[in-house]
K.L.:
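Okay, here's the structure, questions in a sec.
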Amino acid sequence: MAHIVIMGAGIGGMPAAYELKAKIGKEHQITVVNAVDYFQFVPSNPWLAVGWSKREKITFPIRPYLEKKGINFIAQPVTSIDAENNTLQLANGDHLIYDYLVITTGPKLSFEEVPGSGPNGGHTHSICSVDHAEKTWDAYQELLEEPGPVIIGAMPGASCFGPAYEFTFIMNTDLRKKKKRNKVPITYVTSEPYIGHLGLGGVGDSKGMLESEYRHNDIKWITNAKVTKVEAGKMFVTEHDMQGNVVKEHELPFKFSMMLPAFKGVDPVAAVEGLCNPRGFVLIDEYQRSKKYRNIFAAGVCVAIPPVEVTPVPTGAPKTGYMIESMVTAIVHNIAADLAGQVADAKATWNAICIADMGNTGAVFVALPQIPPRNTNWIKKGKWVHLAKIAFEKYFIYKMKKGSSEPIYEKHVLKAMGIEKLD
């Protein structure tokens, strides 16, 4: 009997556990290890941060749902990985031996790279976790009491830009509903070289569409922006041109700020010699397997993917839901093949599909493949996307509670968009 340990229970780890169980059955043991005892649906955090959702709607306890499927669960942070001896050390002093390790931890939020940033001791807020989103909600209440300038955006080195755009539009819509938008100037500050870059070099006419939406909603922006430090009520930003030359030094006042940080790999993963690149992301081959440790696989934000293109201020490539789903499916097939003595040859389809809420409307970005030139490259906008994202949240959480191993994007999202199954 083999023991497969999944490190992380987010939108990659939970589906991986269910898919593996469905694939390999009772013959082998599966254990999920997660730092906290609850699942959180991170894509809904922008709604939570303005009070459009509640913590209890987008979180649930993990243990009963995994154990119902015969999957073990341990709610403990991993403090170190001994990859040579196939062992995890846990924060409570226990250790866990594995035959296969699947890393789906998500990222370390690298607030320390910009002095004065972050919700813990800094002056900016975040929507990268449910705890951060709740703190953002508290700060938003203070803004409503005493309105003033708002800065939203992404720090240098960031790779996940979609939530920043979503939060900008959602806050804009909520302020209009509350008749306070006229008292709250909004500026979008981003490391992207232009609005709508998204870490993908643009998708369809994302530049034109998002610039137009920002103009129509009185949202200013600064691109090619490197935030150098943040003080109470003031952000220091160096603006560059497309050749990387400094154009202007900004000192931007703010009453409220939500800035997405750059990501790194989590500490115990980054510390394993030969497993990761210098930023702690797992180096994998085309089969999602570590290049050094043949029994370690990885999926999601923790995986090393090169930027789509070089930009004047560093940006990373996002790992979207469809890409993560595809990585997980490839891992499941490859572990099952390895256990059966067969060739592990399943590959992920690294395509980008992003369903972005925009307050009272929304946009879908489709980049297939993620790196240009693309076979499919378009953006569609409409009220239906806002409704689709609400439905997607409900269905994903339902699936995680049910323990379904059915891929959502392959079975439902692509079909709804009229896109055939992709290789």
Side-chain angles (χ1 to χ4, degrees), residues 10-11 35-61 106-107 109 111 114 116-155 158 160-190 217 219 227 230 232-233 235 252-261 263 355-362 386 389-390 392-394 396-397:
I11 62 174
V36 296
D37 62 0
Y38 57 87
F39 172 85
Q40 53 182 301
F41 189 66
V42 173
S44 292
N45 284 345
W47 292 334
L48 178 60
V50 297
W52 290 9
S53 188
K54 298 292 183 183
R55 185 188 185 102
E56 54 269 24
K57 279 189 61 180
I58 60 173
T59 64
F60 60 83
L109 307 176
F111 295 111
V114 179
S117 71
N120 298 318
H123 307 288
T124 65
H125 291 278
S126 162
I127 51 173
C128 294
S129 73
V130 66
D131 290 340
H132 287 177
E134 286 191 320
K135 286 187 176 182
T136 304
W137 157 250
D138 291 338
Y140 183 51
Q141 300 316 293
E142 295 177 10
L143 177 72
L144 293 175
E145 289 295 322
E146 296 183 24
V150 164
I151 301 175
I152 301 170
M155 296 295 191
C160 185
F161 298 96
Y165 284 102
E166 287 189 295
F167 187 68
T168 306
F169 286 117
I170 289 167
M171 176 180 275
N172 172 72
T173 301
D174 193 67
L175 287 168
R176 289 184 188 277
K177 288 179 178 178
K178 292 179 167 62
K179 306 298 184 185
K180 294 194 175 184
R181 179 64 176 85
N182 62 309
K183 299 178 181 179
V184 182
I186 298 177
T187 303
Y188 183 78
V189 174
T190 180
N217 286 283
I219 298 167
V227 180
V230 186
M235 185 175 294
L252 304 176
F254 66 87
K255 182 72 176 178
F256 171 101
S257 178
M258 195 296 293
M259 296 292 292
L260 298 179
F263 292 164
I355 305 171
D357 185 44
M358 296 170 66
N360 52 12
T361 182
H386 172 75
K389 182 142 190 179
I390 294 172
F392 183 79
E393 173 203 270
K394 294 179 184 301
F396 194 98
I397 292 175

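For this chain, numbers begin at 1 and follow the sequence in order. Only this structure's heavy atoms are used, side chains among them; waters, hydrogens and symmetry mates stay out.
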K.L.:
Under 3.5 Å, side chain of N45 to main-chain N/O of I127, donor-acceptor pair present?
P.N.:
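Between the backbone of I127 and the side chain of N45 there is a qualifying donor-acceptor contact (under 3.5 Å).
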
K.L.:
If I compare all heavy atoms of P163 with all of P46, which pair ends up nearest, and what's the gap?
P.N.:
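Where P163 meets P46 most closely, the heavy atoms are O-CG, 4.5 Å.
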
K.L.:
Examine distances only and state if a side-chain atom of T187 and a backbone atom of I151 form a donor-acceptor pair shorter than 3.5 Å.
P.N.:
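Answer holds: no.
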
K.L.:
Which atom names give the shortest non-hydrogen contact between V227 and M235, and what distance separates them?
P.N.:
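Closest approach of V227 to M235: CG1-CG, 3.7 Å.
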
K.L.:
For residues 133-151, which residue pairs pass the salt bridge (Lys or Arg N to Asp or Glu O under 4.0 Å) check, not counting sequence neighbours?
P.N.:
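Only R55-E134, E146-K255 qualify under salt bridge (Lys or Arg N to Asp or Glu O under 4.0 Å).
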
K.L.:
If I take atom OH from residue Y140 and atom CG from residue L48, how far apart are they, to the nearest 0.5 angstrom?
P.N.:
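So the OH of Y140 and the CG of L48 are separated by 13.0 Å.
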
K.L.:
Would a distance-only check, ignoring hydrogens and angles, find a side-chain to backbone donor-acceptor pair under 3.5 Å from T59 to F39?
P.N.:
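No, T59 side chain to F39 backbone: no donor-acceptor pair under 3.5 Å.
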
K.L.:
Of all the heavy-atom pairs spanning P253 and P149, show the shortest one and how long it is.
P.N.:
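Taking P253 first and P149 second, the nearest heavy atoms are O-CB, 3.6 Å.
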
K.L.:
Just so I know, are the side chains of T168 and I186 near enough to count as touching, which here means a heavy-atom distance under 4.5 Å?
P.N.:
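A side-chain contact under 4.5 Å exists here.
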
K.L.:
I'd like to check L109 versus H132 (side-chain heavy atoms, cut-off strictly below 4.5 Å). Are they in contact?
P.N.:
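A side-chain contact exists here, since the closest heavy-atom pair is under 4.5 Å.
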
K.L.:
How far apart are the C-alpha atoms of V42 and I11, what are their side-chain angles, what is the distance that settles it, and do they pass the side-chain contact (heavy atoms from CB on, under 4.5 Å) test?
P.N.:
CA-CA 8 Å; V42 173; I11 62 174; 5.7 Å; no

K.L.:
Classify the angle between the aromatic ring planes of F256 and H125 as parallel (below 30°), tilted (30 to 60°) or perpendicular (above 60°).
P.N.:
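Answer is parallel, since the angle falls under 30°.
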
K.L.:
Rounded at 0.5 Å granularity, tell me how far CD1 in I219 sits from CZ in F169.
P.N.:
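Atom-to-atom, I219:CD1 and F169:CZ are 5.5 Å apart.
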
K.L.:
Please round to the nearest 0.5 Å and tell me the distance separating atom NZ of K180 and atom CG of D174.
P.N.:
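If I round to the nearest 0.5 Å, the distance is 10.5 Å.
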
K.L.:
Only one of K54, K57, E393 passes side chain to side chain contact (heavy atoms under 4.5 Å, CB included) with W47; say which it is.
P.N.:
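Only one of K54, K57, E393 forms a side chain to side chain contact (heavy atoms under 4.5 Å, CB included) with W47, namely E393.
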
K.L.:
Which residue is it: I170, V184, V50, V150? I am looking for the one with a side chain to side chain contact (heavy atoms under 4.5 Å, CB included) to L175.
P.N.:
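Going through I170, V184, V50, V150 one by one, the side chain to side chain contact (heavy atoms under 4.5 Å, CB included) with L175 is satisfied by V184 alone.
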
K.L.:
Could you tell me which non-hydrogen atom of S44 sits nearest to which non-hydrogen atom of I58, and how far apart they are?
P.N.:
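Looking at all heavy atoms of both residues, the shortest contact is CB-CG2, 3.6 Å.
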
K.L.:
One pair to check against side-chain contact (heavy atoms from CB on, under 4.5 Å): F167 and L260. What are the steps and the verdict?
P.N.:
CA-CA 11 Å; F167 187 68; L260 298 179; over 6 Å; no

K.L.:
Hey, can you tell me if H386 and W52 have their rings parallel, tilted or perpendicular (30° and 60° cut-offs)?
P.N.:
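Perpendicular.
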
K.L.:
Would the number of heavy atoms belonging to other residues, nucleotides or ligands and lying under 6.0 Å from NZ of K178 be above 12?
P.N.:
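More than 12 within 6.0 Å, yes.
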
K.L.:
Provide the closest heavy-atom pair for T136 versus A49 in the form atom of the first, atom of the second, distance.
P.N.:
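Smallest heavy-atom distance, with atoms named: CG2-CB, 3.8 Å.
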
K.L.:
Less than 4.5 Å apart, any side-chain heavy atom of M358 and any of T173?
P.N.:
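Heavy-atom side-chain distance check fails, nothing below 4.5 Å.
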
K.L.:
Counting only heavy atoms from other residues, nucleotides and ligands, does the tally under 6.0 Å from NZ of K394 exceed 12?
P.N.:
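Check fails, neighbour count at 12 or below.
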
K.L.:
With rounding to the nearest 0.5 Å, note down the distance linking CE in M259 to CE in M155.
P.N.:
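The distance works out to 4.5 Å.
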
K.L.:
Do the non-hydrogen side-chain atoms of M171 and M258 ever get within less than 4.5 Å of each other?
P.N.:
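No, too far: nothing below the 4.5 Å cut-off.
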
K.L.:
Taking the side chain as everything from C-beta on, heavy atoms only, tell me whether K389 gets closer than 4.5 Å to P43.
P.N.:
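A side-chain contact exists here, since the closest heavy-atom pair is under 4.5 Å.
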
K.L.:
Are the side chain of T124 and the backbone of S257 linked by a donor-acceptor contact shorter than 3.5 Å?
P.N.:
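Here the side-chain-to-backbone pair does not exist.
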
K.L.:
Just how far is it from atom CD1 of I397 to atom CZ of F392, taken to the nearest 0.5 Å?
P.N.:
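With rounding to 0.5 Å, CD1 (I397) is 10.0 Å from CZ (F392).
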
K.L.:
At their closest point, which heavy atom of F111 faces which heavy atom of S117, and how far apart are they?
P.N.:
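Residues F111 and S117, closest heavy atoms: O-OG, 2.8 Å.
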
K.L.:
Passes side-chain contact (heavy atoms from CB on, under 4.5 Å), F254 versus V230? Steps please.
P.N.:
CA-CA 10 Å; F254 66 87; V230 186; 3.7 Å; yes

K.L.:
Starting at CD1 of I355, measure out to CD1 of I390 and round the result to the nearest 0.5 Å.
P.N.:
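Here the interatomic distance stands at 12.0 Å.
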
